[in-house]
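Counting starts at 1 for both ligands and their atoms, following the listed order.
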Amino acid sequence: MNKHEDILLDHNYDGIQEYDNPTPGWWNWLFAASIVFAFLYYFFFHIGYAGWTLDEEYGDAMAANTRKLYGDLELKPDQETLLKYMKEPKWMAVGQVVFKANCAQCHQADGSGGTGVNLTDDYYKNVKEIADIPRVVKNGAANGAMPAWGPRLHPNDIVMVSAYVATLRGQNLQGRPHEGDLIPPWPSAPAGAAETEPATTGG
Ligand code: HEC
């Protein structure tokens, strides 16, 4: 008797029969390994530390490049400046990078809150008007539960991240529940604000 006969499948198509060949061991291992790899990859790049995907790396590089345009620009942490930069996507990319690097661990990358309050709703504890944001960011709040960033961040970065925080408002993302008081909407930006380019050193 042919040694293969025991693994010959029952069916017979006009004399054509087939063996019940198991998939080879190496193939099974490769299959299992690719599933394990997919999980590791997903957790590492998509759930892990922000900034490891190509897309985020690109965003960081773009923002670093934009930041060079600060030059000798000195941004005032006032309402007019915040409203102006809120409307400029390339500067808000800088604000977002500062936020992800320094603030996301407490406020979440999307601002929905964790240890820190939810920044996407219309309720604030330490903010009554938009210019209060850079003040809180600079000096901190709640005895350091919200750290003071004045000593750690470039003053222009404080303005950019504050304008970015102001743009997070109104999305009402699910996260930490409302805290503090409902405050009036931000004033609208002065006309033509978005067209002005920041002063550069020209080089
Ligand atoms: C160590 C955790 C932590 C980090 C990091 C942190 N925050 Fe906070 N933040 C808090 C807490 C807690 C509060 C609420 C303070 C309070 O209860 O009055 C807060 C409040 C705020 C508020 C005021 C919100 C309100 O409702 O009054 C703003 C704005 C803010 N943070 C922005 C930032 C920005 C921008 C950064 C990064 C530069 C940052 N935070 C980093 C914990 C943090």
Side-chain angles (χ1 to χ4, degrees), residues 47-53 56-57 59-70 73-189 193 198:
I47 310 221
Y49 176 78
W52 277 340
T53 65
E56 282 165 326
E57 251 180 54
D60 286 0
M62 286 296 282
N65 206 36
T66 307
R67 226 183 204 154
K68 288 191 188 138
L69 298 179
Y70 279 161
L73 189 69
E74 274 176 47
L75 299 176
K76 286 204 217 76
D78 59 11
Q79 171 173 312
E80 198 194 338
T81 311
L82 293 167
L83 292 174
K84 175 182 156 194
Y85 284 102
M86 279 173 75
K87 296 239 182 290
E88 301 195 6
K90 72 175 185 191
W91 287 111
M92 285 306 88
V94 175
Q96 186 180 33
V97 165
V98 177
F99 190 85
K100 280 195 172 169
N102 301 288
C103 324
Q105 72 260 37
C106 290
H107 291 283
Q108 292 299 317
D110 61 4
S112 61
T115 322
V117 293
N118 192 331
L119 297 170
T120 68
D121 57 20
D122 295 312
Y123 293 76
Y124 293 85
K125 291 171 88 174
N126 309 280
V127 176
K128 298 265 172 289
E129 53 180 48
I130 194 164
D132 291 335
I133 299 178
R135 189 179 47 75
V136 174
V137 174
K138 182 171 175 227
N139 303 325
N143 293 317
M146 161 65 188
W149 296 92
R152 279 180 270 183
L153 292 178
H154 188 287
N156 290 349
D157 277 348
I158 291 186
V159 173
M160 286 309 166
V161 78
S162 299
Y164 176 72
V165 163
T167 67
L168 297 176
R169 179 177 179 183
Q171 304 172 78
N172 292 304
L173 299 182
Q174 201 126 67
R176 250 178 102 103
H178 299 324
E179 283 160 280
D181 304 319
L182 179 63
I183 65 167
W186 309 138
S188 43

Measure from atom 8 (Fe) of ligand 1 to each N, O or S atom of Cys103 and report whether any distance is below 2.8 Å. no
Using a strict cut-off of 4.0 Å, indicate which atoms of ligand 1 neighbour a heavy atom of [X].
| X | result |
| --- | --- |
| Thr115 | 12 (C) |
| Ala142 | 15 (C), 16 (C), 17 (O), 18 (O) |
| Gly116 | 10 (C), 11 (C), 12 (C), 42 (C) |

Identify, for [atom], the protein heavy atom at the shortest distance, and state residue, atom and that distance.
| atom | value |
| --- | --- |
| atom 9 (N) of ligand 1 | His107 NE2, 2.9 Å |
| atom 5 (C) of ligand 1 | Asn102 O, 3.3 Å |
| atom 24 (C) of ligand 1 | Val117 CG2, 3.5 Å |
| atom 1 (C) of ligand 1 | Cys106 SG, 2.8 Å |
| atom 13 (C) of ligand 1 | Met146 CB, 3.6 Å |
| atom 42 (C) of ligand 1 | Ala145 O, 3.2 Å |
| atom 28 (C) of ligand 1 | Leu119 CD2, 3.9 Å |
| atom 22 (C) of ligand 1 | Val136 CG1, 3.9 Å |

Is there side-chain contact between [X] and [Y], with at least one heavy-atom pair below 4.5 Å?
| X | Y | value |
| --- | --- | --- |
| Met86 | Trp91 | no |
| Glu179 | Tyr123 | no |
| His178 | Asp122 | no |

Geometric N/O contact Lys125 with ligand 1, under 3.5 angstrom: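 Between Lys125 and ligand 1 (N or O atoms, distance only) the closest approach is under 3.5 Å.
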Counting only heavy atoms, tell me which of Asn143, Ile133, Asn126 gets closest to atom 27 (O) of ligand 1.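 Closest candidate by heavy-atom distance is Asn126.
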Report the C-alpha distance between Asp157 and Tyr70 in whole Å, list the side-chain angles of each, state the deciding distance to 0.1 Å, and finish with yes or no for side-chain hydrogen bond (donor to acceptor under 3.5 Å, both in side chains). CA-CA 10 Å; Asp157 277 348; Tyr70 279 161; 2.8 Å; yes
Counting neighbours of NZ on Lys128 that are heavy atoms of other residues, nucleotides or ligands and sit closer than 6.0 Å, is the number greater than 12?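 Enclosed: over 12 neighbouring heavy atoms sit under 6.0 Å from NZ of Lys128.
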Out of Ile133, Val97, Val98, which residue meets the side chain to side chain contact (heavy atoms under 4.5 Å, CB included) rule with Val161?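 Exactly one pass, corresponding to Val98.
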Short question: side chain of Asn156, backbone of Leu73 - any donor-acceptor pair under 3.5 Å?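 The answer is yes, because a donor-acceptor pair under 3.5 Å joins these two groups.
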So, Trp149 versus Phe99, ring centres under 6.0 angstrom or not? no
Have a look at ligand 1 and work out which part of Tyr124, if any, has a heavy atom under 4.0 Å from it: side chain, backbone, both or neither.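 Both backbone and side chain.
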For ligand 1, indicate whether the residue Pro147 contacts it via side chain, backbone, both or neither (heavy-atom separation under 4.0 Å).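 Side chain only.
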Starting at SG of Cys103, measure out to CG of Leu168 and round the result to the nearest 0.5 Å. 9.5 Å
Looking at Arg176 and Asp121, does any basic side-chain N land under 4.0 Å from a carboxylate oxygen? no
